[in-house]
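The structure under discussion appears below in the form of structure tokens.
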Amino acid sequence: VPRDNGTGAPGAWVPGSIGDLASRLRRGETSPTKLAEAAIEALSSKGRALNAIVTLTEERALRQAAQAEAELAAGIDRGPLHGIPWGAKDLLATRDYPTTWGAAPLRNQRIDHDATVVERLDQAGAVLVAKLAMVEFAGGMGYDELNAQFTGPGLNPWSRKHWTGGSSTGSAAAVAARLLPFAIGSETFGSIVNPAAFCGVTGLRPTYGRISRFGAMALSWTLDKLGPMSLTAGDSALVLAAIAGPDPRDPTTAQRRFAYTPANARRSGFRLGIPKGWDDGVEPEVARNFRASVKLLKSFATVEPVRLPDLPVDAAVVLIIAAEGASAFENIIEDGRLAELSAPSDRVKAYAYAVLPSQDYLRAMRLRRRVAQDMSRLMADYDALVTPTTLGVARKVTARLDRSKGSPVAGSIGAYANLAGLPGISLPNGFGANGLPSGLLLTGGAWQEARLIALAEAYQQRTDWHRATPPG
Amino acid sequence: VAKAAKKKAAKGKAAQSNDGGAEALFAAAMARYGQRLDPKQVKTLRATAQQLGNAAATLKSFELANGEEPVNSFAVIDEEQ
């Protein structure tokens with residue numbers, strides 16, 4: 001007999017958006033405990049089958065759910081995330097469970113505090129139910145093989161022969177498979193938006209400095225960002241509102257608050273730019289979906305071609321991640337624990353990163369100022385730049401990443417945006433080869449997440465791609 | 001001998017300028033970690049050094065002015081503030 005699915009009726013656990021669940025909770029149609037139990041059951045079966053789970057935080061979840069239940073019954077309402085289950089990419093520290101960073105040699109690592117993001121979601125009344133799988137060290141060791149996490153390769157809910165994208169593998173899979181309404185991922189260079197696109201969910205990369213990184217694994221101090229992965233742009237705003245803001249424990253956080261009110265949000269009149277050469281190297285189906293998205297965007301926005309600055313951004317991002325990653329993981333490189341990593345390439349590449357001349361790193365960081373200035377000037381004229389999120393749909397899990405090819409425009413936008421610390425949001429926009437999802441990437445100016453979310457909501461109000469549910 | 005060493009150094013410098021320092025990077029990594037690696041891994045290391053060298057060469061071809069500072073500028077920390 002199927003257990004109660006938390007929504008008041010037996011059957012499969014299929015959570016709706018955060019807003020849907022919050023309404024059901026307040027109507028008394030379900031409870032935080034029912035939601036937590038149903039999520040844990042779904043994660044322990046389907047989630048594990050997708051290699052999306054590192055640790056189920058059942059005891060903590062049931063304790064938090066009971067507290068949320070008591071508070072809501074007493075009329076204490078912490079807001080839309082109160083009683084909502086969520087999952088953390090396993091690079092966020094939690095003092096009562098291991099934090100593995102996706103790496104076999106750290107499978108028993110204990111950290112004696114909670115990350116700021118975890119604390120803030122606790123304060124919002126959200127219920128942490130799982131630590132989610134990720135590529136070892138968030139890909140910082142340069143993996144070529146897609147089986148680069150000790151829990152097994154991230155399997156795409158749309159086709160288990162295909163990869164989820166990385167490095168936020170479990171976060172993307174769990175949300176896409178409707179096992180969780182939202183999860184937190186992280187992005188140094190593509191690790192939120194790419195898996196979001198491959199798995200057909202909404203992924204928000206915030207402006208650098210918007211969200212505290214305290215208690216999150218450091219790969220690249222100057223590039224790392226945390227952000228929500230969810231079903232809709234509106235949900236990403238709810239999560240961002242809970243976790244954004246200054247934190248004295250992360251000196252890079254800005255003294256800025258994030259607020260988004262859907263009722264007051266602009267729904268038309270956006271000005272968008274499409275980088276010239278956007279289709280270079282893009283798979284035909286992904287290009288087709290992008291053209292259809294642009295056609296739709298033109299119904300409520302002006303769209304014009306733009307030229308990206310001509311700067312060697314791909315080279316800069318490679319050198320910065322290599323140098324900062326080698327420093328962040330110096331102890332693991334030096335003491336030989338690299339040999340215990342899952343991906344054969346991860347056992348070797350960081351030895352080259354560790355001897356990179358400081359001059360090469362500094363040159364990249366000097367160029368970066370130019371990138372940030374040029375992008376700031378460009379973004380002053382646009383609400384967003386629009387591109388496909390990825391060149392193609394998800395690859396087979398047995399494939400290898402080919403880093404030898406140069407990055408075409410649709411790939412380089414990620415380098416420009418991450419080097420400049422700009423926000424981006426990836427939205428499902430159709431299906432390509434093998435019935436796998438594709439993504440539409442909106443890249444905004446610094447601190448313009450509210451504008452991006454308004455634009456993304458306007459798009460999602462006119463489409464159903466974000467409602468598509470994977471088989472099984 | 002000194003002449004040969006000078007010639008070798010000049011050759012090395014030329015190689016470095018062409019390959020972005022990939023050979024030097026590979027040699028440094030081998031000197032420090034080579035004993036941990038099997039032949040297949042050495043091949044991966046060489047390819048990685050080449051990739052980093054290519055990236056470095058690309059950046060070196062881009063001129064930066066003397067006053068263009070890195071983005072991670074130092075800031076004084078004042079605990080009393």
Side-chain angles (χ1 to χ4, degrees), chain A residues 141-142 144-145 208 220-223 251-252 310-324 326 333-336 338-339 343-373 403-404 406 419-421, chain B residues 9 12-13 15-81:
Chain A
M141 300 298 103
D144 291 329
E145 306 83 2
Y208 180 84
S220 168
W221 301 284
T222 67
L223 286 164
T252 66
D310 186 17
L311 297 170
V313 287
D314 296 307
V317 87
V318 163
L319 294 172
I320 292 167
I321 294 174
E324 295 189 9
I333 295 168
E334 295 301 328
D335 68 19
L338 281 186
S345 52
D346 277 345
R347 300 170 198 153
V348 179
K349 289 185 166 191
Y351 292 134
Y353 303 163
V355 295
L356 191 69
S358 55
Q359 193 183 24
D360 289 342
Y361 171 68
L362 286 168
R363 190 177 295 108
M365 292 299 277
R366 291 173 69 197
L367 176 87
R368 197 169 164 188
R369 182 177 294 278
R370 187 94 66 93
V371 174
Q373 288 168 340
R403 299 179 194 274
S404 63
L419 286 174
Chain B
K13 201 174 172 186
Q16 187 169 334
S17 64
N18 290 336
D19 72 355
E23 272 306 311
L25 196 69
F26 174 67
M30 282 299 289
R32 204 151 142 189
Y33 306 107
Q35 74 283 2
R36 301 182 187 182
L37 306 176
D38 63 31
K40 194 177 173 189
Q41 290 177 317
V42 170
K43 207 173 155 188
T44 302
L45 184 69
R46 183 180 284 282
T48 307
Q50 191 60 56
Q51 186 204 10
L52 294 173
N54 290 343
T58 303
L59 286 194
K60 278 175 187 162
S61 67
F62 193 87
E63 202 171 323
L64 290 164
N66 171 263
E68 290 193 73
E69 296 184 16
V71 283
N72 53 346
S73 303
F74 173 73
V76 168
I77 295 171
D78 181 356
E79 293 290 350
E80 289 180 10
Q81 288 286 312

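Lettering follows sequence order; numbering is per chain, from 1. Computed from a predicted structure; not experimentally measured.
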Does a side-chain heavy-atom distance below 4.5 Å link [X] with [Y]?
X	Y	answer
B:T48	A:V348	no
B:L52	A:D360	no
A:Y351	B:R36	yes

Which atoms of [X] are under 4.5 Å from chain B, going by heavy atoms: the side chain, the backbone, both sets, or neither?
X	answer
A:I333	both
A:Y353	both
A:A354	both

Quick check on the interface: out of A:S345, A:P251, A:A316, who has the most heavy-atom pairs with chain B under 4.5 Å?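 If we count pairs closer than 4.5 Å to chain B, A:A316 comes out on top.
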Residue among A:R370, A:Q359, A:R368 with most heavy-atom pairs under 4.5 Å to chain B: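 The option with the most such pairs is A:R370.
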Please report the closest heavy-atom contact between [X] and [Y], naming both atoms and the distance.
X	Y	answer
A:L362	B:P70	CD2-CG, 4.0 Å
A:A352	B:L45	N-CD1, 3.6 Å
B:Y33	A:V355	CE1-CG1, 4.3 Å
B:L25	A:P357	CD1-CD, 3.8 Å

Segment of B:A65 engaging chain A (4.5 angstrom heavy-atom cut-off):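 Only the backbone of B:A65 comes within 4.5 Å of chain A.
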Do any N or O atoms from the side chain of A:R369 and from the backbone of B:E69 form a donor-acceptor pair under 3.5 angstrom?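 Yes, A:R369 side chain to B:E69 backbone: donor-acceptor pair under 3.5 Å.
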Any donor and acceptor pair, going by atom type alone, linking the side chain of A:R347 with main-chain N or O of B:L37 inside 3.5 Å?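 Checking the backbone N and O of B:L37 against the side chain of A:R347, no donor-acceptor pair under 3.5 Å is found.
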Rounded to the nearest 0.5 Å, what separation is found between the CG atom of B:L59 and the CZ atom of A:R363?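 It comes to 6.5 Å.
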Give, for atom CG of B:N54 and atom CG of A:L319, the distance between the pair rounded to the nearest 0.5 Å.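 Here the interatomic distance stands at 10.0 Å.
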Which one, B:A28, B:G34, B:G53, B:A47, leads in non-hydrogen pairs under 4.5 Å with chain A?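 The option with the most such pairs is B:A28.
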With a sphere of 6.0 Å drawn around CG of B:D38, does it hold more than 12 non-hydrogen atoms of other residues, nucleotides or ligands?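 Enclosed.
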